[in-house]
Protein chains: 2
Amino acid sequence: MTEISKTEFEVLEVLWQKQPASANEIIESLNQVKEWHDKTVKTLLNRLVKKQAIAFEVDQRRYLYYPLIERESYMAKESKSIVERMFSGRVSPLVAGFAKHNQLAKDDIDELKKIISAWEHEQESDND
Amino acid sequence: MTEISKTEFEVLEVLWQKQPASANEIIESLNQVKEWHDKTVKTLLNRLVKKQAIAFEVDQRRYLYYPLIERESYMAKESKSIVERMFSGRVSPLVAGFAKHNQLAKDDIDELKKIISAWEHEQESDND
DNA sequence: CTTTGTTGATTACGTTTGTAATCAATACTG
DNA sequence: CAGTATTGATTACAAACGTAATCAACAAAG
């Protein structure tokens, strides 16, 4: 479970969206956003395999890659660790920063409200 | 404005808390949490200076270091970039993840509520 | 004045990362 | 079958990183 680098993460994202996928599909998909050489993407795929973040099955001449780690849980662990390092574990300061710098849109506010009320309902039922 | 590494960040944090500070003060402060060799901390200080994240003034035989970048703005930029990379710019999914994995405490909820109502008030006044 | 300790500067060194190029195996083409 | 194209594997290589050790300059101690 080594660390996954920023660039590796972007490759993973593609795989989470569409899985399994051949190197070329991945490269193409990435090309819509990034300017990476195919070789570069291949290297990243290799490294992800080594890190056991993804795997592949052989399909003729190609490999079909798929993630071994779940997006959900990776995100959770990763964001927890970031928030821990930067905000001693609390999300609210992060959100506060966003608010302060006008990075919050109505959508976010609505979402946050939902999260809050869900959380509160859960508390109730916990207390049963 | 090169990137600041994780370890460098921890040194910066100390400086943000107490500024200016001599290398030894910093080392001591870090020692309460980390097991870093003094030499290591010195290296990090040096690198931070090179990256123009901190500077120092000479005080006799020692240097007194102080941050050149503001915590506030560093945090804002950094968290924006993280949220951008990982959640396409929205904080709410991050918070949702936290909620889902029981990483939200009552305090956080209260804080979030405050943030929300502040945001809403601001909207009103914007609309005036 | 010589020795010793302190403090920053310089150097070290293996690993990870970003970014590819080259090699090798195999499949397609003429 | 020989040459070319494709695809993954291996190798490359500089910069950044984590983690120090050594060097140099100067001050304190004897």
Side-chain angles (χ1 to χ4, degrees), chain A residues 1-15 19-31 33-68 74 78 81-82 85-86, chain B residues 1-15 20-31 33-69 74 78 81-82 85-86:
Chain A
M1 299 281 202
T2 336
E3 291 271 305
I4 286 168
S5 82
K6 290 179 190 183
T7 45
E8 286 159 4
F9 174 75
E10 304 213 46
V11 174
L12 248 183
E13 279 280 50
V14 171
L15 271 183
Q19 147 205 169
S22 71
N24 276 343
E25 289 171 323
I26 296 169
I27 290 167
E28 204 183 324
S29 176
L30 280 167
N31 265 354
V33 193
K34 295 276 153 184
E35 302 239 329
W36 286 342
H37 203 286
D38 353 1
K39 305 295 189 180
T40 302
V41 178
K42 301 264 185 109
T43 300
L44 294 175
L45 283 168
N46 258 306
R47 289 184 182 165
L48 283 168
V49 169
K50 282 223 181 79
K51 292 183 179 182
Q52 291 180 288
I54 69 177
F56 56 81
E57 43 181 63
V58 182
D59 166 49
Q60 312 270 69
R61 302 228 35 201
R62 300 132 178 254
Y63 285 1
L64 294 184
Y65 295 90
Y66 56 91
L68 284 180
Y74 174 80
E78 204 48 24
S81 124
I82 288 171
R85 281 198 308 105
M86 298 187 59
Chain B
M1 300 284 201
T2 335
E3 292 271 306
I4 286 167
S5 81
K6 290 178 192 184
T7 46
E8 287 159 4
F9 175 75
E10 304 214 46
V11 175
L12 249 183
E13 279 280 49
V14 171
L15 272 184
S22 71
N24 275 342
E25 288 171 325
I26 296 168
I27 289 167
E28 204 181 324
S29 176
L30 280 168
N31 265 354
V33 193
K34 295 275 153 185
E35 302 240 328
W36 285 343
H37 203 284
D38 353 0
K39 305 296 188 179
T40 302
V41 178
K42 300 265 185 109
T43 300
L44 294 174
L45 283 168
N46 259 307
R47 289 185 181 163
L48 282 168
V49 170
K50 282 225 180 77
K51 291 182 181 183
Q52 291 181 288
I54 70 178
F56 57 81
E57 43 180 63
V58 181
D59 166 51
Q60 313 269 71
R61 303 228 34 204
R62 303 132 176 255
Y63 285 3
L64 295 184
Y65 295 91
Y66 56 90
L68 284 181
I69 61 190
Y74 174 79
E78 206 46 24
S81 123
I82 289 169
R85 280 199 306 107
M86 298 187 58

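Below, chain A is the first sequence line, B the second, and so on; all start at residue 1.
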Whole-Å gap separating P (C:dT17) and CG (A:Leu45): 15 Å

Sidechain N-carboxylate O distance under 4.0 Å for B:Lys6, A:Glu3: yes

Check ion pair A:Glu10-A:Lys34 (N to O, under 4.0 angstrom): yes

Spacing of B:Glu10 atom CD relative to D:dC17 atom P, expressed in whole Å: 14 Å

Heavy-atom closest contact (A:Trp36 atom, A:Asn31 atom, distance): O-OD1, 3.6 Å

Spacing of B:Ile26 atom CD1 relative to C:dT6 atom C1', expressed in whole Å: 16 Å

Whole-Å gap separating P (D:dC23) and CG (B:Asp38): 18 Å

Whole angstrom value for the distance that separates P of C:dA20 from CG of A:Leu30: 13 Å

Least distance between heavy atoms, A:Gln19 atom then A:Leu15 atom: CB-O, 3.0 Å

C:dT17 phosphate, OP1 or OP2, under 4.0 Å from A:Thr7 side-chain N/O: no

Between C1' of C:dT19 and CD of A:Glu35, the distance in whole Å: 13 Å

Under 4.0 Å protein heavy-atom contact, by nucleotide of nucleotides 3-14 of chain D - B base, S sugar-phosphate only: ---BBBSB-B--

N or O in side chain of B:Ser5 less than 4.0 angstrom from D:dG18 OP1/OP2: yes

Touch class at under 4.0 angstrom, heavy-atom based, for A:Thr40 against every strand present: base

Residue pair B:Arg85 / A:Phe9: nearest heavy atoms and the distance that separates them: O-CE2, 3.6 Å

Nearest-nucleotide 5' precedence on DNA chain C, A:Lys6 against A:His37: A:Lys6

Where A:Glu8 and A:Leu48 come nearest, the two heavy atoms and their spacing: O-CD1, 3.6 Å

Protein-nucleotide distance (A:Ile4, atom CD1; C:dG18, atom P), rounded to Å: 12 Å

Nearest heavy atoms of B:Tyr65 and B:Ser22, plus distance in Å: CD1-C, 4.4 Å

Between C:dT7 (P) and B:Gln60 (CD): distance, integer Å: 12 Å

Under 4.0 angstrom between B:Trp36 side-chain N/O and D:dT19 OP1 or OP2: yes

